[in-house]
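Since the structure comes first, as C-alpha cells, the remarks are kept for the end.
Side chains are part of it too, since the values below use all heavy atoms of this structure and drop only hydrogens, waters and symmetry mates. Lettering of chains follows the sequences in order, A, B, ..., and the numbering in each one begins at 1.
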Number of protein chains: 2
Amino acid sequence: MKLTTVREIYKNKEKYIDTEITIGGWVRSNRDSKAFGFLVISDGSYFEQIQVVYSDKLSDFNKLTKVNVGAALIIKGTLVATPGAKQPFEIQATHIDIEGESSSDYPLQKKRHTLEYLRTISHLRPRTNTFQAVFRVRSLIAYAIHKFFQERDFVYVHTPIITGSDAEGAGEMFRVTTLDPSNPPLNDDGSADFSKDFFGKETNLTVSGQLNGETFAMAFRNIYTFGPTFRAENSNTTRHAAEFWMIEPEFAFGDLNDNMDLAESMLKYIINYVLENAAPELEFFNQFVDKGLLDRLKNVAESDFGRITYTEAIEILEKNNNNFEYKVSWGCDLQTEHERYLTEQVFKKPIFVTDYPKAIKAFYMKENDDKKTVAAMDCLVPGIGEIMGGSQREDDYNKLLARIEELGMDTKDYDFYLDLRKYGSTRHAGYGLGFERCVMYLTGMSNIRDVLPFPRTVGNCEL
Amino acid sequence: MKLTTVREIYKNKEKYIDTEITIGGWVRSNRDSKAFGFLVISDGSYFEQIQVVYSDKLSDFNKLTKVNVGAALIIKGTLVATPGAKQPFEIQATHIDIEGESSSDYPLQKKRHTLEYLRTISHLRPRTNTFQAVFRVRSLIAYAIHKFFQERDFVYVHTPIITGSDAEGAGEMFRVTTLDPSNPPLNDDGSADFSKDFFGKETNLTVSGQLNGETFAMAFRNIYTFGPTFRAENSNTTRHAAEFWMIEPEFAFGDLNDNMDLAESMLKYIINYVLENAAPELEFFNQFVDKGLLDRLKNVAESDFGRITYTEAIEILEKNNNNFEYKVSWGCDLQTEHERYLTEQVFKKPIFVTDYPKAIKAFYMKENDDKKTVAAMDCLVPGIGEIMGGSQREDDYNKLLARIEELGMDTKDYDFYLDLRKYGSTRHAGYGLGFERCVMYLTGMSNIRDVLPFPRTVGNCEL
C-alpha cells in the first residue's frame, strides 16, 4: 500500500501542505460536535500524532463518530496548515476506511494508566505514548552502538548464547537441556547424566561473551559483542532482569587508558545520536518522566569524564563516612550510595574509578605493579552510579595461570583462554555496558521492566 | 597506544608513504636471507597484510629472525612504496618490539589447514585468511541489515529469548530451567513440577520472535527483530545449527506484494553493501571458495526477482518430474532440488513463489479467497534454494480463531495474538531471514559451522 507516514509528513511538511495524502493509523481519540468529528491518529512511525477532521458530508459520518479508540483506519484527505493551533497541520478527510474495528473493552482508553498495569498487557503497551518513546529510543540506542563501533572498524561478533562453561565463575546460570524433565537419566552416583543431553554435556545460558570475545580481539584487533545475557538470580529489584542485553567491546594493543577513552566517546556518541534523532521522545521524558533528564544528558555529552583511582576514591569517601549507610575502607566494594556521592556530589559529572583491589575483581584483570590492585575501571554517572565496567586483561601466561589455580578454578576449562597468552599475547582491554541500564539512563525510566519489550524476572515469563 | 592500522594505511596510503609509522600486529611469516629479514604482519584491521623488512643494522636482528609465526610485534618504521612488487608498499623497520612471543607448537603454521581441523581450534581460526574474511563479512552483513531497516525507520525490537510458549507450534525446543537436574520436584502424577522452576512455569528457548514482533508492528507499524533462535533438532547437516540468528521484519498496512518488495530490496541492499565494503574478502571467496560467487551476487543485485504462484511453479515442475528424485504434484512441499531447478534453470535469477497450499503452511498465514491457499511467500536464490520465507498474516479474528482450534492448539496461549485482531486489526506481513544462511550465500561457504563464531550442533558445544 502506498501510504504517507506521519513521520514523513512532520519531516517534509512543506511538500505535503495542501496536497492530498493517504495515511493509515490507529485511533487515539475520537470526538464529534455537530457537523464535525475529530480524530487523533498515531501511525506508529513518529512520536507525534496527527489530527484528522471529518465532516457530516462524508456519507458514513454517523458510523465514523462511533469508531472506538484503538481502531485502525485508512484516511484520505488534504493536509492543511493550521497556524496558531497546537498542531502545525491537520488532515481534512475526504474518505475514511475502517480497516479494523476496536471495541469498547479496549484496555487502553484515553486516560492515564499506571506502569504496573501496563506491564500486565505487554502486547498492547507499545501503543501508549510512554512506550512509543521508550522502545523507539531503545532501538535508536542499539543502532547508535552498532554505528559507533562499525564506523571505527570494530568487528561485530556473535558470541554463543548456549555455553558449556561458566565464563566468569560468577552468577547463577540457567541450564539448557533436552533431558526428560521428570525422569532424567542418572549416573551411578545419582547425578544427572549429561552425556545423554543434547550437547553431550551440561550447558547453560551465557552470562558474558567476554572470554569468547577476547579470542576474536586477538585476531581482529577491535571487536564488540551485542547480545542477550542471563542471570538466574532470585532478586526482585527495579534494576535486575533474568534476561538482558549486553555490549562488550574488546581490543588488542590497548591499555586501560585507551579503554576509558573508548567508553567515554561511546557514551557521548550514543547520547548525541539520541538527542539528534529522538528529540520529541526526549522532550516527553524530560517533561513527564524525569525532569532533569535533558540537562543531565547534555552535561554528560559535554563533560570530560573525571578519572580517579579506587584508592583516591576511598580517601574522599572516608571523609564522608558519617553520612553513608555502609562505611567504606580500603578493600571494600563500592555501593551505589558511594558511587552516586562521587559522581553527583564531588565531581558533578561522570567519572572513571580505576585500579580496584585485586581481591574484589575478576580473575582475568591485569595485576598492577603494586600486586594489590588490578587495572579495572568502573564508569559512574550521575543519577545511576555504575553504568559500565571493564579492565585491561591479564596478558601474562604465568600470572594468569597462577591466578586461575589460586582461585581453585579448573584450568582445563581455560585452556583456550590461556592459549591467547601463549601465542602472540598482547596488552588488551575491554568493558561491558548493560544495554537496559543504558536505556534507563537515557530515558529516565526507573524500572528495568519498562525498558524491556517482554521482561523476564523471577516468576515472570509472559508471552 | 597510538598505532596506525593496516586498514588506515591501505585506505590513505598517499598520506603515509615516506613517513614514519608504528603498527602492532601478528606474524604470519618470518624469513631471513643474510642481512635482511622479511615479516608478513596481519593486524586484524584489514584483510590484506603488510610486509615489514628488517635489516641486520637492528641490534636484535638475530633474535628477530627467530620470532615464530603467531607472535605479536610492535613495529616502528618508514612506509616505502614498492612499485612493481606484489604489495604496493612495505615498512622498513627502524625498531621492533616483541609484544608477545609465540612458540613452535603454534597450531597455525604457514600451510593450508582443512576447515575440519580449524573447527577444532575455534579460538584460533579467526586468525586465518578464510575466517578473517568470513567473520568480517558476517559483521558487515549484520550492520547492513540494521542500516537498511533503520534508514527506513523500522524499530528494532528485542523479542525474548526465554519464552513460555511454543511460537509456531513447530520445532523441538530447549528447556530453560533451574530445577535440580537429578532430583526434580514432581507433581502427584509424576510429571516435573514447573511451578517450582525459576519462572514458575515451563520455559524454553525461542524458535521465532514473530508473534511477539507482531505486537510491536501493531504499535510501531514497521519493526524488525535480529536475535538468536534455537532448534533442538537432532540433525547433523551442513545447513542446520542448534543456535543461529534470525531477522524478522514485520509491518502493518502492507500486504504480500509489499512484503516481496521489502525482502527483495533488503537482499540487494545487503549484497551491495558487502560488495562496497568487503571487496578484498569477496575477491578471496571468489578465488578460493566459490568460483562463481561474484558474478552470482552481481546478477542478484541487478535482477528484478521473478514472482510466480505455487500453482504455476507446480505446473512447471511437473513437466520435469522425470528428473527429480521427489516427484511433485499440487499439495506437496517443495524440496531443495525443485527450488533450485526453478531459480537456476527456469528463471536464472531469484524468484518468489507465493500462495502455497494452506495445509503445508503455518496457522497464522492469511487465507486466500480460494480457501485452499495462503498468502505465503518463499524467496529462492540460485545456489541455495530458499533463503527467506514469509507471509501476509491472518488479520481476521474469527478465521484465526477457527484455524487455531482446527489445529488443536490451545487458544489460551494465543489470547494476546488474537487481541491484535480484536483491537485495530490491519493487514500486515513479514518474513524471516536466517542470518547464517545469508552469510553462507554471500561468502560461498558451504558449512554453517564455518560461518558461526562458535557453532552449536548436536553433541558440540565447545568454548
Side-chain angles (χ1 to χ4, degrees), chain A residues 1 3 7 24 26 43-45 70-72 99-100 102 106 123 126-127 136 139 142-143 146 150 153 155-158 160-162 164 174-178 181-182 186 190-192 198-200 203 212 215-216 219-221 228 232 243 253-254 416 423-426 453-454 456 459 461 463, chain B residues 1 3 7 24 26 43-45 70-72 99-100 102 106 123 126-127 136 139 142-143 146 150 153 155-158 160-162 164 174-178 181-182 186 190-192 198-200 203 212 215-216 219-221 228 232 243 253-254 416 423-426 453-454 456 459 461 463:
Chain A
M1 293 180 85
L3 299 176
R7 173 175 292 269
W26 292 274
D43 80 344
S45 70
E99 169 90 353
S102 179
Y106 184 54
H123 61 305
R127 305 177 182 198
R136 191 183 311 281
S139 168
Y143 185 56
H146 281 296
Q150 294 274 341
D153 296 314
V155 172
Y156 178 29
V157 183
H158 291 109
I161 312 303
I162 303 174
F174 289 103
R175 202 165 65 256
V176 173
T177 181
T178 57
S182 57
L186 299 178
S191 62
F198 187 89
F199 295 108
T203 53
N212 296 80
T215 70
F216 271 64
F220 285 99
R221 181 196 179 98
E243 173 180 323
F253 297 105
F416 79 98
Y423 305 120
S425 187
T426 162
F454 300 91
R456 272 79 179 96
C461 183
L463 275 55
Chain B
M1 292 180 87
L3 300 176
R7 173 175 292 270
W26 292 276
D43 80 344
S45 70
E99 170 88 353
S102 179
Y106 183 54
H123 61 306
R127 304 178 182 196
R136 191 183 310 281
S139 167
Y143 185 55
H146 282 296
Q150 294 273 343
D153 295 315
V155 171
Y156 178 28
V157 183
H158 292 107
I161 312 303
I162 303 174
F174 289 103
R175 201 165 65 258
V176 174
T177 180
T178 57
S182 57
L186 300 178
S191 63
F198 187 88
F199 294 108
T203 54
N212 296 80
T215 70
F216 271 63
F220 284 100
R221 181 193 179 99
E243 174 180 322
F253 296 104
F416 79 98
Y423 305 121
S425 186
T426 163
F454 301 91
R456 271 78 178 97
C461 183
L463 273 57

Pairwise side-chain contact, [X] with [Y], heavy-atom cut-off 4.5 Å (strictly under):
X: A:S45; Y: B:D153; value: no
X: A:P228; Y: B:H158; value: no
X: A:P181; Y: B:R175; value: yes
X: A:V176; Y: B:R456; value: no
X: B:F220; Y: A:R127; value: no

* To do: Take B:C461 and A:I162, measure what side chain to side chain contact (heavy atoms under 4.5 Å, CB included) needs, and give me the verdict at the end.
  => CA-CA 8 Å; B:C461 183; A:I162 303 174; 4.1 Å; yes
Using a cut-off of under 4.5 Å on heavy-atom pairs, state which of [options] scores highest against chain B.
options: A:G70, A:P126, A:A142; answer: A:P126
options: A:P160, A:G190, A:S191; answer: A:P160
options: A:P453, A:G254, A:A71; answer: A:P453

* For A:D43 against B:R221, the heavy-atom pair lying closest together -> O-CB, 3.2 Å
* Closest approach of A:A192 and B:S182, non-hydrogen atoms and distance? -> N-CB, 3.5 Å
When only pairs under 4.5 Å are counted, which of [options] shares the most heavy-atom pairs with chain A?
options: B:G459, B:G424, B:G24; answer: B:G424
options: B:T203, B:I161, B:V155; answer: B:I161
options: B:F416, B:Y423, B:Y106; answer: B:Y423

* Compute the ring centroids of A:F216 and B:F454, then answer whether they are less than 6.0 Å apart. => yes
* Asked: Is it true that A:F174 and B:F198 have ring centroids separated by less than 6.0 Å?
  -> yes
* Structure fact -> When the 4.5 angstrom heavy-atom criterion is applied to B:L186 and chain A, the contacting part is side chain
Measuring from atom [atom1] of [X] to atom [atom2] of [Y], what distance do you get when rounded to the nearest 0.5 angstrom?
X: B:Q150; Y: A:Y143; atom1: CD; atom2: OH; value: 6.5 Å
X: B:L3; Y: A:F253; atom1: CG; atom2: CZ; value: 7.0 Å
X: A:H123; Y: B:N212; atom1: NE2; atom2: CG; value: 11.5 Å

* Evaluate side chain to side chain contact (heavy atoms under 4.5 Å, CB included) for B:W26 paired with A:T426, printing each intermediate quantity in order. => CA-CA 9 Å; B:W26 292 276; A:T426 162; 3.7 Å; yes
* To do: Could you tell me which portion of A:R7 (side chain, backbone, both or neither) has an atom closer than 4.5 angstrom to a non-hydrogen atom of chain B?
  => side chain
* Short question: side chain of B:S139, backbone of A:Y156 - any donor-acceptor pair under 3.5 Å? -> yes
